[in-house]
Engineer: 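Below is the structure I would like to discuss, written out as C-alpha cells.
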Amino acid sequence: MTEQTITLHRAPKAPVHPKNERWSVDAIEALFQLPFPELLYRAQIVHREHFDPTKVEFATLLSVKTGGCPENCGYCPQAAEFDTGVKASKLMELEEVLFAAKRAKEAGATRFCMGAAWRAPKDRDIEKVAELVRGVKGLGMETCATLGMLEDGHAEQLRDAGLDFYNHNLDTAPEFYGDIVSTRDYQDRLDTLARVRGAGVKICSGGIVGMGETVRHRAGLIAELANLDPYPESVPINNLVRVEGTPLANQAPIDPFDFVRTIAVARITMPKARVRLSAGRQQMGDGIQALCFLAGANSIFYGDKLLTTGNPDTEADMQLMQRLGMSPAQQPPGKT
Ligand code: SAM
Ligand code: DTB
Ligand code: SF4
C-alpha cells in the first residue's frame, strides 16, 4: 500500500462512528483491514476518551464447580464428553470460596468471578450461588458469576444477593457457532443475556479468537456484541487455550497481531466497556500483552489459574505493570 492510499488520522476530533447507530459487519471488517498502526491509533483515541490508559482492572476467577458439563463446546476442557483429564467436582463450600476471594482481594483484585460448568443451573444451585455472591460482596469486591443459561427469576435472585456482573459469552459469530457447539444455539445465549439485562445485572460478554474462524466471523462476533443495546459493560476477549482432548486441541495458532486487532476493534466499537485481555496470556508473551493494552485492553484475569488452565502468576503481572509504568485500578470502575 502506498502513502496516498492511506488516510492518516492525526487529528483525533472526528467521531469514529456516529452514536446510536448499529455497527454493520462490513464496517467492522473494514476496521480489521486497517493498517496496524492506524487501527491502534484509533483505538487509543477512543480508549483515552473514557479511561486512564495506565490503569488495568484485575479480576480473579474461581471455578466453583468444575467439569462434568453436558454441553459440547469444542474449546472447553470441562465438557464431560471430552477426555481432558479434568476431574468433575461438586459446588464448593462458602468458606472455601471466601478464603479464595479474600486472598484475591489482598493480592490486588477488585472483581471476583465465580464460574460453574453447568448447562443451566437448577433453582437449588441458584440459591447456593446466591450465598456465595452474598459472601463475596460482603468482602467489598465486585461480583461476577458465569453459570450457563439462566431461567426466569434466576438473574433477579442473583442480583438481590449482590451480583454485579453475569458473564455469558457469545463466543463467535452466529454463522460459525454451530461448528463449535451443537448442544445449544446462539439464540439461547442471547435469551440469557436478555434475562440478565432485564434484571438490571451488568453484562460481561465476549468471545474466543483462534478457533478456525475467518476475519469476517470475528467481525460478526464484535457486531453482535456492539449492537446489543446497551452493549456489554465488560467484554472478555479470549485467545483459544488449546487443551488436549478437546476437538480444537490441534487448531493452528493465529498470528498474535490478529488477536491484538480484535482487542482494538472491540475498544473502538464498545468505547466505554472494560475490554478484558482474557484467556491465553500465558502463551502470549509480554510484548503482545503490552500491545493489547495499547490497543485498549484495560482488564485482565489475575491469579495463577483461569478455570482449569494456567495464567501468569501474580508477581509476573505486577512486574509487567511496573515495567510498563501501569498499575491496577485500585477501586471498581466508577468509584475511581
Ligand atoms: N458454563 C458456562 C458457560 O458456558 O457460559 C460458564 C463457564 S465457560 C468455561 C466460560 C467461558 O470460558 C466460555 O464461554 C469461553 O468463552 C471461555 N473458555 C472456555 N474454554 C476456553 C478455552 N479453552 N480457551 C479460551 N476460552 C475458553
Ligand atoms: C471468559 O471469557 N474467560 C474465562 C471466564 N470468562 C469465565 C474463562 C477462560 C477459561 C479458559 C479455559 C480454562 O481455564 O478452563
Ligand atoms: Fe460447559 Fe461452559 Fe464448558 Fe460449554 S463452556 S462445556 S457450557 S462449562
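Note that the structure is a prediction, hence the values are computed from the model and not measured. Heavy-atom basis, side chains included; hydrogens, waters and symmetry copies ignored. Whatever order the structure lists ligands and atoms in, that order sets their numbers, starting from 1.
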Engineer: Would you kindly specify which portion of Ala116 sits under 4.0 Å from ligand 1, judged on non-hydrogen atoms: side chain, backbone, both or neither?
Structural biologist: backbone
Engineer: To check you understand the geometry: which heavy-atom pair defines the closest contact between Ala223 and Trp23, and what is its length?
Structural biologist: CB-O, 4.1 Å
Engineer: Do Leu61 and Phe58 sit in one hydrophobic cluster, given that two such residues count as connected whenever their side-chain heavy atoms are within less than 4.5 Å of each other, even indirectly?
Structural biologist: no
Engineer: Please check whether Tyr75 reaches ligand 1 - meaning an N/O of the residue sits under 3.5 Å from an N/O of the ligand, judged on distance alone.
Structural biologist: yes
Engineer: I'd like to check whether Thr309 has a polar contact with ligand 2, where a contact means an N/O of the residue lying under 3.5 Å from an N/O of the ligand.
Structural biologist: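 In this structure, Thr309 places an N or O atom under 3.5 Å from an N or O of ligand 2.
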Engineer: Below 4.5 Å, heavy atoms only, C-beta onward: do Gln251 and Leu240 meet side chain to side chain?
Structural biologist: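 They are in contact (side-chain heavy atoms under 4.5 Å apart), so the answer is yes.
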Engineer: Identify, by atom number and element, the atoms of ligand 2 in contact range of Asn169, meaning under 4.0 Å from any of its heavy atoms.
Structural biologist: 1 (C), 2 (O)
Engineer: How far is atom 2 (C) of ligand 1 from the closest protein heavy atom, and which atom is that?
Structural biologist: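 Nearest protein contact, heavy atoms only, for atom 2 (C) of ligand 1 is Gly148 N, 3.6 Å.
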Engineer: Going by distance only, is there an N or O of Arg184 that falls short of 3.5 Å from an N or O of ligand 1?
Structural biologist: no
Engineer: Heavy atoms only, cut-off 4.0 Å: how does Ile208 contact ligand 1, side chain, backbone, both, or neither?
Structural biologist: side chain
Engineer: Using 4.0 Å as the upper bound for N to carboxylate O, is an ion pair formed by Asp258 and Arg261?
Structural biologist: yes
Engineer: With side-chain hydrogen bond (donor to acceptor under 3.5 Å, both in side chains) as the test, pick out the partner of Asp164 among Arg159, Lys202, Lys137.
Structural biologist: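 Running side-chain hydrogen bond (donor to acceptor under 3.5 Å, both in side chains) over Arg159, Lys202, Lys137 with Asp164 returns exactly one hit, Lys137.
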Engineer: What protein heavy atom sits nearest atom 24 (N) of ligand 1, and how far off is it?
Structural biologist: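 Nearest protein contact, heavy atoms only, for atom 24 (N) of ligand 1 is Val241 N, 3.0 Å.
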Engineer: Answer whether the closest heavy-atom distance between the side chains of Arg111 and Thr60 falls below 4.5 Å.
Structural biologist: no
Engineer: What residues, two or more places apart in sequence or in another chain, satisfy side-chain hydrogen bond (donor to acceptor under 3.5 Å, both in side chains) together with Asp313?
Structural biologist: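 With sequence neighbours excluded, Asp313 shows a side-chain hydrogen bond (donor to acceptor under 3.5 Å, both in side chains) to no residue whatsoever.
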Engineer: Among Asp171, Asn238, Thr246, find the one that has a side-chain hydrogen bond (donor to acceptor under 3.5 Å, both in side chains) with Tyr75.
Structural biologist: Asp171
Engineer: Could you check whether atom CG of Asn250 has more than 12 heavy atoms from other residues, nucleotides or ligands sitting under 6.0 Å from it?
Structural biologist: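 12 or below, so no.
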Engineer: Considering only non-hydrogen protein atoms, determine which one is nearest to atom 7 (S) of ligand 3 and report residue, atom name and distance to 0.1 Å.
Structural biologist: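 Closest protein heavy atom to atom 7 (S) of ligand 3: Arg184 NH1, 3.3 Å.
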Engineer: Which ligand 1 atoms does Trp118 reach within 4.0 Å, using its non-hydrogen atoms?
Structural biologist: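 So the atoms of ligand 1 that pass are 1 (N).
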Engineer: Closer than 4.0 Å to some heavy atom of Leu307 - which atoms of ligand 2 meet that?
Structural biologist: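 Going through ligand 2 atom by atom, the ones under 4.0 Å from Leu307 are 7 (C), 8 (C), 13 (C), 14 (O), 15 (O).
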Engineer: So that I can tick it off, tell me whether Asp317 and Arg281 are bridged by a salt bridge, with the cut-off set at under 4.0 angstrom between side-chain N and carboxylate O.
Structural biologist: yes
Engineer: From atom 3 (N) of ligand 2, work out which of Asn238, Leu240, Asn311 has a heavy atom at the shortest distance.
Structural biologist: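 That would be Asn238.
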Engineer: Using a cut-off of 2.8 Å, how many protein N, O or S atoms sit around atom 3 (Fe) of ligand 3?
Structural biologist: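 Of the protein's nitrogen, oxygen and sulfur atoms, 1 lie under 2.8 Å from atom 3 (Fe) of ligand 3.
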Engineer: Determine, for Arg274 against Glu233, whether the closest basic-nitrogen to carboxylate-oxygen distance falls under 4.0 angstrom.
Structural biologist: no
Engineer: Would you mind running through ligand 2 and noting each atom that sits below 4.0 Å from a heavy atom of Asn167?
Structural biologist: 6 (N), 7 (C)
Engineer: Can Arg42 and Glu38 be counted as an ion pair, charged N to O under 4.0 angstrom?
Structural biologist: yes
Engineer: Check this for me - ligand 1, Ala117, N or O atoms closer than 3.5 angstrom, yes or no?
Structural biologist: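 No, since none of the N or O atoms of Ala117 sits under 3.5 Å from an N or O of ligand 1.
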Engineer: Can you tell me if Glu93 has over 12 outside heavy atoms packed within less than 6.0 Å of its CD?
Structural biologist: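 No, not enclosed.
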Engineer: Grab the two heavy atoms, one from Ser299 and one from Glu57, that are nearest each other, plus how far apart they are.
Structural biologist: OG-OE1, 2.5 Å
Engineer: What protein heavy atom is closest to atom 6 (C) of ligand 1, reported as residue, atom name and distance in Å?
Structural biologist: Thr146 OG1, 3.0 Å
Engineer: What protein heavy atom sits nearest atom 12 (O) of ligand 1, and how far off is it?
Structural biologist: Asn169 ND2, 4.4 Å
Engineer: For residues Trp118 and Leu147, report the shortest heavy-atom separation together with the two atoms involved.
Structural biologist: CB-O, 3.4 Å
Engineer: I need the atoms of ligand 2 closer than 4.0 Å to a non-hydrogen atom of Leu61, numbered in the order shown.
Structural biologist: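 Every atom of ligand 2 under 4.0 Å from some heavy atom of Leu61: 4 (C), 5 (C), 7 (C).
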Engineer: Answer yes or no: does an N/O atom from Thr146 fall short of 3.5 Å to an N/O atom of ligand 2?
Structural biologist: no
Engineer: Pull out every atom of ligand 1 sitting under 4.0 Å from any heavy atom of Asn238, numbered as shown with elements.
Structural biologist: 16 (O), 25 (C), 26 (N)
Engineer: For ligand 1, is Gly115 a contact, meaning one of its heavy atoms is under 4.0 Å away?
Structural biologist: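 No; Gly115 lies far enough from ligand 1 that no heavy-atom distance drops under 4.0 Å.
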Engineer: Would Leu139 and Lys102 count as a side chain to side chain contact (heavy atoms under 4.5 Å, CB included) here? Give the steps.
Structural biologist: CA-CA 7 Å; Leu139 300 175; Lys102 275 183 203 150; 3.8 Å; yes
Engineer: Distance-only, no hydrogens or angles: does the Arg195 side chain make a donor-acceptor pair with backbone N or O of Leu150 under 3.5 Å?
Structural biologist: yes
Engineer: Which atoms of ligand 2 have any heavy atom of Pro77 under 4.0 Å away?
Structural biologist: 15 (O)
Engineer: Considering only protein heavy atoms, determine whether one is less than 4.0 Å from atom 2 (Fe) of ligand 3.
Structural biologist: no
Engineer: Got an N/O contact under 3.5 Å between Thr308 and ligand 2?
Structural biologist: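 Among all N and O atoms of Thr308, at least one is under 3.5 Å from an N or O of ligand 2.
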Engineer: Any salt bridge linking Glu131 with Arg134? Criterion: basic side-chain nitrogen under 4.0 Å from a carboxylate oxygen.
Structural biologist: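 Looking at Arg134 together with Glu131, the answer is yes, because their closest N to O distance falls below 4.0 Å.
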Engineer: Please name the residue in the list Met149, Arg184, Gln187 that meets the side chain to side chain contact (heavy atoms under 4.5 Å, CB included) test with Thr192.
Structural biologist: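 Of Met149, Arg184, Gln187, side chain to side chain contact (heavy atoms under 4.5 Å, CB included) with Thr192 is met by Met149 alone.
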Engineer: Mind checking whether Pro236 has an N or O less than 3.5 Å away from an N or O of ligand 2?
Structural biologist: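 No - when backbone and side-chain N and O of Pro236 are compared with those of ligand 2, no distance drops under 3.5 Å.
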Engineer: Looking at atom 16 (O) of ligand 1, what's its closest protein heavy atom, distance included?
Structural biologist: Asp171 OD1, 2.6 Å
Engineer: Hey, looking at atom 9 (C) of ligand 1, which of Ile180, Leu307, Ile237 has the closest heavy atom?
Structural biologist: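 Closest candidate by heavy-atom distance is Leu307.
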Engineer: Checking side-chain polar atoms at under 3.5 Å, does Asn72 have a donor or acceptor matched by the opposite partner on Thr183?
Structural biologist: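 Looking only at side-chain atoms, Thr183 and Asn72 do form a donor-acceptor pair, the distance falling under 3.5 Å.
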Engineer: Any nitrogen or oxygen of Asn167, side chain or backbone, less than 3.5 Å from one on ligand 1?
Structural biologist: no
Engineer: Identify, for atom 4 (C) of ligand 2, the protein heavy atom at the shortest distance, and state residue, atom and that distance.
Structural biologist: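 Ranking protein heavy atoms by distance from atom 4 (C) of ligand 2, first comes Phe301 CE1, 3.6 Å.
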Engineer: Minimum distance, heavy atoms only, to atom 4 (O) of ligand 1: which one of Lys65, Gln78, Arg189, Met211 is it?
Structural biologist: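 That would be Arg189.
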